[in-house]
Amino acid sequence: MKIKHILFKVQMAGCLLLMIVSASCKKDKTSPIAANATPTTLGLYEYASDVNKRVLIAITKIGTQTVNYGSIFDTGSPGMTMDANGIIPASMITSSGFVFTTDSVVVNGITITSKKDSISYGDATGITKEYGNLAYTNVTVGNSLGSIELKRVPFFLYYKIIDSKKNQLAAHSADVFGVGPGLSSTITAISSPLRFFTYGTGLTNGFKLATLPTASFLTTPTYVAGLLTVGLTSDDLSSAGFIMHPLTPTVLYGYSPNIPGTITYGGTTISAQFLFDTGTPSVTVIENRLASVGKLPSNTTVTLTTTKGFTYTYVTSNTGNLTEVQNPSNTQDYRTILALDFFIKNEYLTDYTNHQIGLKNN
């Protein structure tokens, strides 16, 4: 995920929302786990500030704590990260780490290990870094309108977060719910929390994301029912119209979400490795080592085509489909990253079991 932070305090339905969104003022009711081939459908929250957009998933319980946090739903990274503030006692949190002396400690139903590290988001032009420890816990996502419980999820519990200007960000200003298919490049025990749901007989481990309605990207976080389907049927994988893209295994970090193809803009066509990233709020980045760096002008037509035949065309404007050309020597990143606007027009599917990503025009 290439993350640009937007910090807000928003009042909705009697709850103070820190970051971008709260889940619900009511206590969550965890839905029973299905024992058959019926997928579970959850709502997500949409939010916008100027050209920046976010899609968020509600976290309503972590360990034994009932909470109200909105976490960035991120197809561009694997694994959940969560600020420790409000989750464990403040006396355990310092600017240099958590206070405990054993190999691990259990607090509020959360097992915190002594494995300490940092996780970075962004590229060489601007990196935000979270500092924390590997932890394990049960997590409930969703709200009173529908939720699921994820069992013993390995995640990154962080005690501070620093942006590219060395500023410490507010607590829970950038919690991430990363659903990418691979493993964390920092701590390989961490992967998508959706892998830790009991799917039920006949379902494939994975999810699909419906198109995000433009009208719901408002300055107040807006709940949209039915956006996320957890658990895939045989029809999803064979006859629902998705073009499937087998993923390539890496030596250390599981299966890469990058999809090969070509991209054309302003008369230029280049090869590309595409990352389709709900965690990038506004600007699609085309990496071209031979081009000048800069923003594409409005009314530029951009067409991407994957090697499996998925094609998508959009036109840039001042208010949407913002796109810039970058050089990998500047960003230290070779991937062409499609921002959140892509998901307004296209459906997206990840099949963890068979290691593939499905794309579908809508």
Side-chain angles (χ1 to χ4, degrees), residues 1-6 8 10 12 17 19-23 39-59 70-77 141-143 145-146 174-180 192 194 206-232 236 240-243 257 259 274-285 302 304 310-323 337-350 357-362:
M1 172 179 71
K2 284 191 176 179
I3 182 172
K4 294 184 179 178
H5 297 292
I6 318 166
F8 303 97
V10 184
M12 182 177 72
L17 311 180
M19 180 187 159
I20 305 175
V21 69
S22 170
T40 302
T41 302
L42 301 176
L44 301 173
Y45 288 85
E46 294 184 10
Y47 184 88
S49 176
D50 195 14
V51 297
N52 293 302
K53 303 180 181 72
R54 284 294 189 200
V55 59
L56 304 145
I57 190 166
I59 308 292
S71 190
I72 298 166
F73 186 84
D74 181 21
T75 59
S77 72
V141 298
N143 59 17
L145 300 176
D175 293 344
V176 175
F177 194 85
V179 295
S192 169
L194 291 182
F207 71 91
K208 61 181 179 180
L209 182 64
T211 52
L212 307 177
T214 303
S216 297
F217 283 108
L218 303 173
T219 55
T220 299
T222 303
Y223 180 77
V224 183
L227 288 181
L228 179 65
T229 299
V230 181
L232 302 172
D236 290 329
F242 285 94
I243 296 176
I259 295 173
F274 297 115
L275 177 67
F276 298 92
D277 185 12
T278 55
T280 297
S282 57
V283 181
T284 288
V285 178
V302 180
L304 65 94
F310 174 82
T311 298
Y312 173 60
T313 297
Y314 67 89
V315 179
T316 61
S317 74
N318 290 325
T319 58
N321 289 320
L322 302 175
T323 304
I337 298 182
L338 278 294
L340 193 59
D341 280 342
F342 170 85
F343 297 85
I344 293 173
K345 297 292 186 182
N346 301 282
E347 296 180 56
Y348 183 90
L349 174 155
T350 294
I357 285 173
L359 302 173
K360 179 182 177 182
N361 297 128
N362 193 332

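Note that the coordinates shown come from a computational prediction; the quantities given were computed from them, not determined experimentally. Residue numbers start at 1 and run along the sequence shown. Hydrogens, waters and symmetry mates are skipped; everything else that's a heavy atom, side chains included, is used.
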### Query
Any chance the side chains of Tyr314 and Thr323 put a donor and an acceptor closer than 3.5 Å?
yes
Of all heavy-atom pairs linking Pro213 and Leu227, the shortest is CD-CD2, 4.0 Å
When Val55, Asn143, Val224 are each screened for side-chain contact (heavy atoms from CB on, under 4.5 Å) with Tyr45, the one that passes is Asn143
Has [X] got a side-chain atom pairing as donor or acceptor with [Y]'s backbone, closer than 3.5 angstrom?
X: Thr75; Y: Thr278; value: yes
X: Arg54; Y: Thr280; value: no
X: Thr211; Y: Lys345; value: no
X: Thr222; Y: Thr220; value: yes
X: Asn361; Y: Thr311; value: yes
X: Asp74; Y: Gly76; value: yes
X: Asn321; Y: Ser317; value: no

Distance col, row Phe310:CZ vs Phe276:CZ, nearest 0.5 angstrom, shows 6.0 Å
d(Lys208 NZ, Leu228 CG) to nearest 0.5 Å is 10.5 Å
